[in-house]
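Note that these values count all heavy atoms, side chains included, but never hydrogens, waters or copies made by symmetry.
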Amino acid sequence: MRTASHRFVTLKRSSCLLRVGSQATASFEKKRPCGQGGWKQGRQPVLAVHISHAPRVVREIREEDVADLTCLQAKAFYDPWDNVWIDDFFLKLFEADVRGIIKSKLKDQDKSRFQAFVAEGNGSDTPLTGVVEVSLQSSQEVLQALGAASGETYAYIACMAVAEKSRRKGIALQLLQAAEKQAMQWDQNVTALHVYTTNDIAVKAYEKAGYTPLKRDGRWRTLLGARQRILMCKNLIR
């Protein structure tokens with residue numbers, strides 16, 4: 001919850017974090033870099049994840065999804081204010097920004113480097129229940145954490161959100177599988193993502209899906225008013 005003492009609000013989202021569960025305190029343990037014993041080596045893919053609930057239809061994003069996705073991502077990523085009048089104003093700005101970004105991605109997306117998947121509801125007229133994006137990236141900071149050489153690429157998973165009433169039903173795992181399958185089609189053997197250190201439920205969910213915590217953001221982010229993140233990765237091969 002934010003207060004009116006905040007001087008500004010960031011609307012532009014260069015990269016989204018993953019929202020799966022509620023906020024809690026996360027423990028952090030640095031483990032073996034994903035690049036070791038798996039970077040760009042031809043081994044067997046590891047994509048199977050057990051889903052105990054009935055699977056949803058997961059498909060590529062379409063233009064008619066914009067309204068549903070705007071609502072879904074705004075609810076997942078918007079940080080509310082305690083003042084109702086201020087909150088209503090900034091929520092509308094945030095929704096407009098989310099809508100514009102989604103439309104821009106649909107218009108300009110290069111499917112050889114970017115793809116978004118959505119999880120449908122139970123009925124044809126039911127709002128979408130989840131979304132995830134995956135893209136090819138080459139951030140030097142992430143490559144160093146992965147133990148990869150400069151100039152390599154990796155598949156980066158972002159902007160994943162699951163509707164609150166649809167959580168704990170295996171939808172997040174289905175979305176991760178779709179993103180990982182796309183990464184393999186791009187000949188990528190490693191996927192990476194960021195998650196807030198305070199989102200313990202999400203951290204544990206990604207660990208269960210095979211993701212390893214690698215690196216925590218420096219404290220300089222908190223000094224600038226941003227929340228700390230954990231970089232996590234997964235080898236898609238054994």
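- We find the CG-SG distance between Leu175 and Cys159 to be 12.5 Å, quoted to the nearest 0.5 Å.
- For the residue pair Thr191 and Tyr211, a side-chain donor N or O sits within less than 3.5 Å of a side-chain acceptor on the partner.
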ask   = Can you check side-chain hydrogen bond (donor to acceptor under 3.5 Å, both in side chains) on Glu207 and Thr212, steps first, answer last?
value = CA-CA 6 Å; Glu207 287 181 327; Thr212 302; over 6 Å; no
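- Across all their heavy atoms, Ala145 and Leu231 have their closest contact at CB-CD2, 3.6 Å.
- Residues meeting the side chain to side chain contact (heavy atoms under 4.5 Å, CB included) test with Arg62, sequence neighbours left out: Arg59, Glu64, Asp65, Glu120.
- A distance of 3.5 Å separates OG1 of Thr129 from CD1 of Ile171, quoted to the nearest 0.5 Å.
- Under a hydrophobic-cluster definition in which Ile, Leu, Val, Met, Phe, Trp and Tyr are linked whenever side-chain heavy atoms come within less than 4.5 Å, directly or via other members, Trp186 and Val58 are assigned to the same cluster.
- Of the inter-residue distances, the one linking Trp81 atom CH2 with Phe89 atom CZ reads 10.0 Å to the nearest 0.5 angstrom.
- Judged by distance alone, with hydrogens and angles left aside, the side-chain atoms of Asn83 form a donor-acceptor pair with the main-chain N or O of Trp85 at under 3.5 Å.
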(request) Apply the test side-chain contact (heavy atoms from CB on, under 4.5 Å) to residues Asp82 and Asp87: give CA-CA distance (whole Å), side-chain angles for both, the deciding distance (0.1 Å), then the verdict. (result) CA-CA 7 Å; Asp82 60 354; Asp87 183 68; over 6 Å; no
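- Note: Leu69 CG to Ile102 CD1 = 5.0 Å, rounded to the nearest 0.5 Å.
- Nearest approach of Ala192 to Val142, heavy atoms of both residues: CB-CG1, 4.3 Å.
- Counting all heavy atoms, side chain and backbone alike, Glu95 lies closest to Thr70 at O-CG2, 3.5 Å.
- A cation-pi arrangement is absent between Arg229 and Tyr196 under the rule of less than 6.0 angstrom and at most 45 degrees off the ring axis.
- With hydrogens and angles disregarded, a donor-acceptor distance shorter than 3.5 Å links the side chain of Gln228 to the backbone of Asp217.
- In this structure, Glu164 places its CD atom where only 12 or fewer heavy-atom neighbours from other residues, nucleotides or ligands lie under 6.0 Å away.
- Taking Lys107 as the reference, nothing meets the side chain to side chain contact (heavy atoms under 4.5 Å, CB included) condition, with sequence neighbours excluded.
- In summary, Lys103 and Glu63 do not engage in a salt bridge, as defined by a charged side-chain N under 4.0 Å from a carboxylate O.
- The CD1 atom of Ile230 sits 9.5 Å away from the CG atom of Asn199 when rounded to the nearest 0.5 Å.
- When atom types are taken as modelled, the side chain of Lys234 and the backbone of Val190 share no donor-acceptor pair closer than 3.5 angstrom.
- The side-chain heavy atoms of Lys208 and Lys204, taken from C-beta on, include no pair separated by under 4.5 Å.
- Atom CZ of Arg99 sits about 12.0 Å away from atom CD of Gln73, to the nearest 0.5 Å.
- The two residues Leu236 and Gln188 make their nearest non-hydrogen contact at CD1-O, 3.7 Å.
- Residues satisfying the side chain to side chain donor-acceptor pair (under 3.5 Å) test with Gln137, not counting sequence neighbours, are Ser135.
- Considering every non-hydrogen atom in both Asp68 and Pro127, the closest pair reads OD2-CA, 3.4 Å.
- Minimum interatomic distance between Ala202 and Val195 (heavy atoms only, all atoms of both residues): CB-CG2, 3.7 Å.
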Let's go through Lys111 and Glu60 carefully: what are the C-alpha distance in whole Å and the side-chain angles of both, what is the deciding distance for side-chain contact (heavy atoms from CB on, under 4.5 Å) to 0.1 Å, and is it a yes or a no? CA-CA 11 Å; Lys111 290 190 176 183; Glu60 294 181 9; 3.2 Å; yes
| Evaluation steps, side-chain contact (heavy atoms from CB on, under 4.5 Å), between Phe117 and Ile61 | CA-CA 5 Å; Phe117 298 95; Ile61 187 175; over 6 Å; no
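- Contact annotation: the side chain of Tyr154 approaches that of Leu143 to within less than 4.5 Å [non-hydrogen atoms, C-beta and beyond].
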*Derivation and outcome, side-chain contact (heavy atoms from CB on, under 4.5 Å), residues Val66 and Leu106*: CA-CA 9 Å; Val66 172; Leu106 279 169; 3.6 Å; yes
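- Taking hydrophobic clusters as Ile, Leu, Val, Met, Phe, Trp and Tyr residues chained together by side-chain heavy-atom distances below 4.5 Å, Phe114 does not share a cluster with Leu136.
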